[in-house]
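Below: one structure, written as C-alpha cells.
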Amino acid sequence: DMEVAIKVVVVGNGAVGKSSMIQRYCKGIFTKDYKKTIGVDFLERQLLVNDEDVRLMLWDTAGQEEFDAITKAYYRGAQACVLVFSTTDRESFEAIGSWWEKVEIEVGDIPTVLVQNKIDLLDDTHGRIDHEEAEGLAKKLKLRFYRTSVKEDLNVNEVFKYLADKYLQR
Ligand code: GDP
Ligand code: MG
C-alpha cells in the first residue's frame, strides 16, 4: 500500500491555540507558553484510516497571522484545513470568514473543518460566542463543526480523523 501524505494548514487569529493544537496532536503535550521551534515548518503524525496509512503534516505559522503576513508558501499544496477561533475571543470568531476566503483563494475548495477551541473556558466567558451562533456559521460555510479543548485534550483527535477521512473520500 502506498502511504498517503496530507498537508494540513491550521489557520485563525493569533492566540486561539493553533500551535498548541498541533503540538497536542503530534506530541501529546500541552504547555502554557508554547513557542514554535525555530526552523520547523510542520509536525507530523501517522494514523490508520480504513486500513490505509495516512501521514498528516500539520503546518504551523510563526505568528505571522498577527501581522496578516502569512506567505503563499504556507498555503501552497495544502490539502486540508482547520479554521480555528477561541471561545474567549470574539474577534477571532468574526475573522473566520476572511480566513476561509484566504484559503479558498490560495488553494481552492479543500476538506475543511471549523473549530471552536478553549471550551474549557466556556464558563468564564458566558455568552460571548454561543453555541447557536457558532453552529450557524458552520452551516453557512457548509463546514463540519467541532468544539475542542486542547488543554483538556477534548475532541482534538476527532478533528484530524475527520479531515483524513474526508480527504480519502474526495
Ligand atoms: P496560536 O497563536 O493560535 O498558535 O496560539 P497558541 O497555541 O500559542 O496558544 C495561545 C495560548 O492559549 C497559550 O497560552 C496556550 O497555552 C493557550 N491555549 C491553547 N489551547 C487552549 C485550550 O484549549 N484551553 C485553554 N485554557 N488555553 C489554551
Ligand atoms: Mg502559534
Side-chain angles (χ1 to χ4, degrees), residues 6-45 56-104 106-107 110-131 133-135 137-138 141 143-163:
I6 307 173
K7 173 175 176 176
V8 182
V9 288
V10 182
V11 301
N13 282 10
V16 297
K18 302 180 301 296
S19 298
S20 301
M21 182 175 292
I22 292 169
Q23 162 125 324
R24 161 67 81 192
Y25 185 67
C26 296
K27 294 184 171 172
I29 55 174
F30 176 79
T31 56
K32 282 222 90 159
D33 45 18
Y34 169 69
K35 292 277 179 298
K36 179 180 178 286
T37 313
I38 308 294
V40 178
D41 293 325
F42 62 86
L43 291 178
E44 56 181 35
R45 179 168 163 179
L56 294 182
M57 295 171 290
L58 307 191
W59 284 62
D60 199 5
T61 64
Q64 307 99 314
E65 67 274 19
E66 298 187 44
F67 314 103
D68 206 12
I70 295 189
T71 57
K72 284 189 183 303
Y74 177 75
Y75 294 107
R76 188 173 300 131
Q79 292 149 309
C81 173
V82 184
L83 291 173
V84 192
F85 67 94
S86 163
T87 300
T88 61
D89 180 355
R90 172 110 218 147
E91 259 181 52
S92 72
F93 175 70
E94 280 159 9
I96 286 294
S98 76
W99 283 111
W100 186 75
E101 270 173 32
K102 264 179 221 171
V103 173
E104 270 231 308
E106 295 296 336
V107 287
I110 54 176
T112 300
V113 65
L114 178 66
V115 172
Q116 173 172 2
N117 187 38
K118 305 196 189 184
I119 60 162
D120 56 290
L121 297 177
L122 271 178
D123 293 343
D124 308 356
T125 56
H126 183 74
R128 260 193 229 178
I129 298 142
D130 67 38
H131 204 168
E133 207 176 358
E135 286 196 323
L137 179 63
L141 301 178
L143 299 175
R144 175 71 69 95
F145 176 50
Y146 285 96
R147 301 164 97 206
T148 65
S149 167
V150 170
K151 184 179 181 194
E152 312 283 337
D153 204 6
L154 281 172
N155 266 338
V156 176
N157 288 356
E158 284 75 0
V159 166
F160 295 104
K161 170 81 165 50
Y162 169 77
L163 280 181

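For clarity, every value in this text was computed on a predicted model and none was experimentally measured. Ligands are counted one by one from 1 in listed order, and the atoms in each one are counted from 1 as well. Throughout, numbering of the chain's residues begins at 1 and tracks the sequence.
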Would Asp153 and Arg24 count as a side chain to side chain contact (heavy atoms under 4.5 Å, CB included) here? Give the steps.
CA-CA 8 Å; Asp153 204 6; Arg24 161 67 81 192; 3.5 Å; yes
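Counted by atom type alone, Ser92 and Asn13 present zero donor-acceptor pairs between their side chains at under 3.5 Å. No hydrogens or angles considered: nothing links the side chains of Ser86 and Asn117 as a donor-acceptor pair under 3.5 Å.
The backbone N or O of Tyr162 lies less than 3.5 Å from no partner atom in the side chain of Arg144, so there is not a single donor-acceptor pair.
Between Phe42 and Trp59, the angle of the ring planes stays under 30°, which puts this pair in the parallel group of the 30/60° scheme.
Residue-level proximity to ligand 1 for Leu121 is carried by the side chain, the only part with a heavy atom below 4.0 angstrom. At a 4.0 Å heavy-atom cut-off, ligand 1 touches Glu65 through the side chain alone. Contacts of Asn117 with ligand 1, taken as heavy-atom pairs under 4.0 Å, involve the side chain alone.
Distances from the Mg ion (ligand 2) show that Ser20 has no N/O/S atom below 2.8 Å.
Under the salt bridge (charged side-chain N to carboxylate O under 4.0 Å, His left out) criterion, the residue pairs touching residues 12-22 are Lys18-Glu65, with sequence neighbours excluded.
Residue Thr148 places no N or O, backbone or side chain, under 3.5 Å from any N or O of ligand 1. Annotation: Met21 places no N or O atom under 3.5 Å from an N or O atom of ligand 1; distance criterion only.
With distances taken over non-hydrogen atoms, the option nearest atom 7 (O) of ligand 1 out of Ser20, Ala15, Gly12 is Ser20. Among Asp120, Val11, Asn13, the residue whose heavy atom lies closest to atom 25 (C) of ligand 1 is Asp120.
Listed by number with element, the atoms of ligand 1 under 4.0 angstrom from any heavy atom of Val150 are 20 (N), 22 (C), 23 (O).
Residues Phe93 and Glu133 come closest through the heavy atom pair CZ-O, 3.8 Å.
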